[in-house]
Amino acid sequence: MELQIHNSATRRKERFVPLDPNHVRIYVCGPTVYDLAHLGNARPNVVFDVLVRLLRRLYPKVTYARNITDVEDKIIDRAKESGEGIAALTARTTADFHRDMAALGVLPPDIEPRATGTIPEMVSLIEKLIANGHAYAAEGHVLFAVGSFAEYGKLSGRSPDELLAGARVEVAPYKRDAGDFVLWKPSTPDQPGWDSPWGRGRPGWHIECSAMSWKHLGPDFDIHGGGADLLFPHHENEVAQSLCAFPGSHFARYWMHNGMLLVDGEKMSKSLGNFRTVQDILALGPWAGEAFRLLLLKTQYRMALDYTEAALQEARKELDRFYRALSKMAHVTPERGDEPHPVEQPPFEQALADDLNTPLALASLHYLVSAANEALAAGDDAALPHLKGRIVAAGAVLGLLQQEPEAWFRGGADDDAAAIEAAIAARLAARKEKNWAEADRIRKELADQGILLEDGPQGTTWRRA
C-alpha cells in the first residue's frame with residue numbers, strides 16, 4: 001500500500017518515501033505550557049496520533065517526537081500575572097495537558113523533549129549560525145539574518161513584503177534588518193536565564209524546535225507536523241535556522257499542517273464567548289472525550305472544522321452504533337483483521353493512506369458495522385469473526401472503540417451502579433408478580449435519571465442515554 005501525503009512545502013500530494021524504510025521519524029510541535037489546552041490545541045494532537053498509528057501499521061519502527069515548550073515569554077507573563085512560580089505553572093499545565101490528551105485517546109509520543117532540557121543544543125546551533133554567517137550578536141541578543149538565506153519564504157510561499165507584514169516583528173535599533181528574528185535574548189534577574197557566550201539569557205521560540213528535533217531525530221528526518229497557524233513564522237524560521245546550521249541537509253522532507261478549528265462557525269475567541277477548553281468538553285460526561293475525537297476525525301485534517309454541540313452529540317450517536325454492534329458480537333472471537341472485507345469501498349487502510357482521509361475511513365467503518373448487523377440479523381455466525389476483526393482493527397488505528405461496550409454505555413465507572421442493579425431487580429420482581437404498573441414506574445424513574453433498560457433473552461441490561 002502506498003501512502004500519499006499533502007506536502008505543505010510543495011503544495012501538492014506526494015508519495016511518501018521515508019529516508020530509512022526501517023525507521024520513520026516524525027516531529028510535531030507540542031504545547032506551550034502556560035494554560036489549559038483549548039479545542040484548537042487538541043486537533044493536531046489527534047490528527048498526528050492517527051498518522052503515527054497508521055505509520056506503525058506500515059513500517060517496522062517509528063519514532064514520534066512531540067515537544068513541550070516550557071520557556072517562553074507567554075509563560076513568564078502568565079506567572080507574573082498569577083503570582084505562581086514558573087516551575088509550578090509549567091508542571092501543573094503540563095500535567096493538565098497530559099490528562100486531557102489521554103482522555104482524547106492520544107497516545108504519548110516516543111520522545112517528549114522539553115525546551116529547558118535542550119539549552120546546550122540551542123546554544124550550539126546559534127554558534128553554528130554565527131560561524132556560518134547567518135546570525136549576529138547585538139546588545140546581548142543574537143538574531144538570525146533573514147537576508148542571508150535566499151530561500152526564506154519558500155515554505156510558506158510568501159513574498160518579502162508579505163513576510164515582513166505577517167511576522168509581527170519587533171522594531172529594535174540593534175537589528176540589521178526589520179525581518180531579522182531573535183535566536184537568543186537577555187534575561188533580567190527575575191526571568192529564567194542560562195549562561196551563554198552572549199551573556200545570561202534565554203532562547204527565542206523558533207530555535208527551540210530546531211534544537212529539539214536535531215537532538216532527537218537528527219538534521220534530516222521524515223515528517224514535520226503542526227497547525228496551519230504555525231506555518232509562518234514558526235516553521236518558516238525553523239527551516240531557515242536548520243538548513244543554515246547544517247549546510248547540505250534537508251531538515252524535514254514532508255510538512256503536514258492541519259486546518260483551523262472554528263466554534264459555531266466563528267474563530268474561537270474569549271471576546272465572542274465561544275472559547276472552549278478540552279476540559280470544558282470532558283465535563284459534559286464520560287462519553288465526551290471519545291465523541292470529540294470522532295468529531296475531529298469526521299473532517300479531513302487539512303480542512304477547517306466547525307465544532308458545535310449538535311455535531312458532538314451526533315458523534316456520540318455514531319459511537320453508540322459502533323459499540324452496540326460490538327456488544328452484540330461479545331461472544332465472537334475476532335480474527336486479526338488485516339485483510340479488507342468486500343463491503344469496504346475503498347478498504348479502510350486505503351482511505352487513510354490517501355492523505356489521512358479520515359472521513360472516508362469512517363465511511364468504511366460504517367460499512368463494516370452495517371455488514372455485521374446484517375450478519376447478526378441473518379444468523380450468519382461464520383461472517384462475524386472477520387467483520388469484528390476489521391472493526392476492532394479500524395478502531396485501533398483511529399484511536400476509537402478502545403473500551404468495552406458495557407463501559408461505554410454505562411458511562412465509565414458508576415458509583416450508583418449497585419442502586420441501578422437493585423432497581424432492575426425490583427422491576428423484575430414486579431414483573432414476575434404481574435405488577436405492571438410498578439414495573440413501568442421503575443423503568444420511568446430510571447429513564448428520568450438517564451438510564452435506559454433493554455430487555456433481552458439473557459435478561460435486562462442498562463445503559464446511559
Side-chain angles (χ1 to χ4, degrees), residues 103-105 281 284-298 309-335 337 341-344 348 351 358-414 416-417 420-421 423-424 427-428 443-444 446-465:
L104 299 183
I281 301 302
L284 297 174
W287 53 271
E290 188 168 358
F292 181 60
R293 182 184 179 100
L294 174 57
L295 186 157
L296 292 176
L297 298 180
K298 290 174 69 174
E309 294 272 347
L312 186 66
Q313 291 296 337
E314 182 59 35
R316 182 187 184 185
K317 290 178 183 176
E318 289 185 47
L319 286 167
D320 281 348
R321 180 173 186 263
F322 297 156
Y323 274 115
R324 190 165 289 113
L326 288 173
S327 177
K328 292 175 182 177
M329 293 187 287
H331 63 288
V332 176
T333 300
E335 294 178 356
H341 191 279
V343 300
E344 303 172 58
F348 173 82
T358 52
L360 193 58
L362 286 166
S364 295
L365 181 55
H366 274 287
Y367 291 141
L368 288 165
V369 170
S370 294
N373 286 332
E374 290 170 8
L376 285 162
D380 184 6
D381 289 348
L384 294 178
H386 184 207
L387 286 166
K388 184 176 181 180
R390 288 297 288 168
I391 292 169
V392 170
V397 179
L398 294 173
L400 301 172
L401 310 179
Q402 299 299 289
Q403 56 183 305
E404 292 298 319
E406 183 178 2
W408 166 259
F409 286 117
R410 294 190 176 190
D414 281 287
D416 55 350
I420 295 169
E421 295 289 353
I424 291 173
R427 175 176 174 268
L428 178 61
R443 175 187 279 276
K444 183 179 184 304
L446 290 171
D448 290 342
Q449 299 170 32
I451 307 299
L452 302 182
L453 303 184
E454 295 179 351
D455 296 317
Q458 277 74 47
T460 300
T461 59
W462 62 272
R463 64 182 176 87
R464 295 203 177 276

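Below, each value reflects all heavy atoms present in this structure, side chains not excepted, and no hydrogens, waters or symmetry copies. All values derive from a computational prediction rather than experimental measurement. Heads up: numbering here begins at 1 and tracks the sequence.
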Please round to the nearest 0.5 Å and tell me the distance separating atom [atom1] of [X] and atom [atom2] of [Y].
{"X": "Asp381", "Y": "Leu376", "atom1": "CG", "atom2": "CG", "result": "8.0 Å"}
{"X": "Leu284", "Y": "Phe292", "atom1": "CG", "atom2": "CZ", "result": "11.0 Å"}
{"X": "Lys317", "Y": "Leu294", "atom1": "NZ", "atom2": "CG", "result": "13.5 Å"}
{"X": "Leu446", "Y": "Ile424", "atom1": "CG", "atom2": "CD1", "result": "6.5 Å"}
{"X": "His341", "Y": "Leu368", "atom1": "NE2", "atom2": "CG", "result": "7.0 Å"}
{"X": "Thr358", "Y": "Leu296", "atom1": "OG1", "atom2": "CG", "result": "9.0 Å"}

Closest non-hydrogen atom pair between [X] and [Y], with its separation:
{"X": "Ala375", "Y": "Leu387", "result": "CB-CD1, 4.3 Å"}
{"X": "Gly289", "Y": "Leu104", "result": "O-CD2, 3.6 Å"}
{"X": "Leu384", "Y": "Ala372", "result": "CD2-O, 4.0 Å"}
{"X": "Ala291", "Y": "Ala315", "result": "O-CB, 3.4 Å"}

Quick one: does any side-chain atom of [X] pair with a main-chain N or O of [Y] as donor and acceptor, under 3.5 Å?
{"X": "Glu314", "Y": "Leu312", "answer": "no"}
{"X": "Arg324", "Y": "Phe409", "answer": "no"}
{"X": "Arg293", "Y": "Gly105", "answer": "yes"}

Task: CD/Gln402: more than 12 non-hydrogen atoms of other groups inside 6.0 Å - done: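 Yes, the 6.0 Å shell around CD holds more than 12 heavy atoms from other groups.
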- [ ] Please name all residues satisfying ring-ring contact (aromatic ring centres under 6.0 Å, His included) with Phe322, sequence neighbours left out, ordered by chain then number.
- [x] His366
Open item on the list: Does anything in residues 386-395 form a salt bridge (charged side-chain N to carboxylate O under 4.0 Å, His left out)? List the pairs, not counting sequence neighbours.
Closed with: Glu344-Arg390, Glu349-Arg390
Can you tell if the side chain of [X] reaches within under 4.5 Å of the side chain of [Y], non-hydrogen atoms only?
{"X": "Arg427", "Y": "Asp455", "result": "yes"}
{"X": "Met329", "Y": "Ile391", "result": "yes"}
{"X": "Leu297", "Y": "Leu398", "result": "yes"}
{"X": "Val397", "Y": "Phe348", "result": "yes"}
{"X": "Leu319", "Y": "Trp287", "result": "no"}

- [ ] Show the numbers, then the answer: is there a salt bridge (charged side-chain N to carboxylate O under 4.0 Å, His left out) between Asp448 and Lys444?
- [x] CA-CA 6 Å; Asp448 290 342; Lys444 183 179 184 304; 3.1 Å; yes
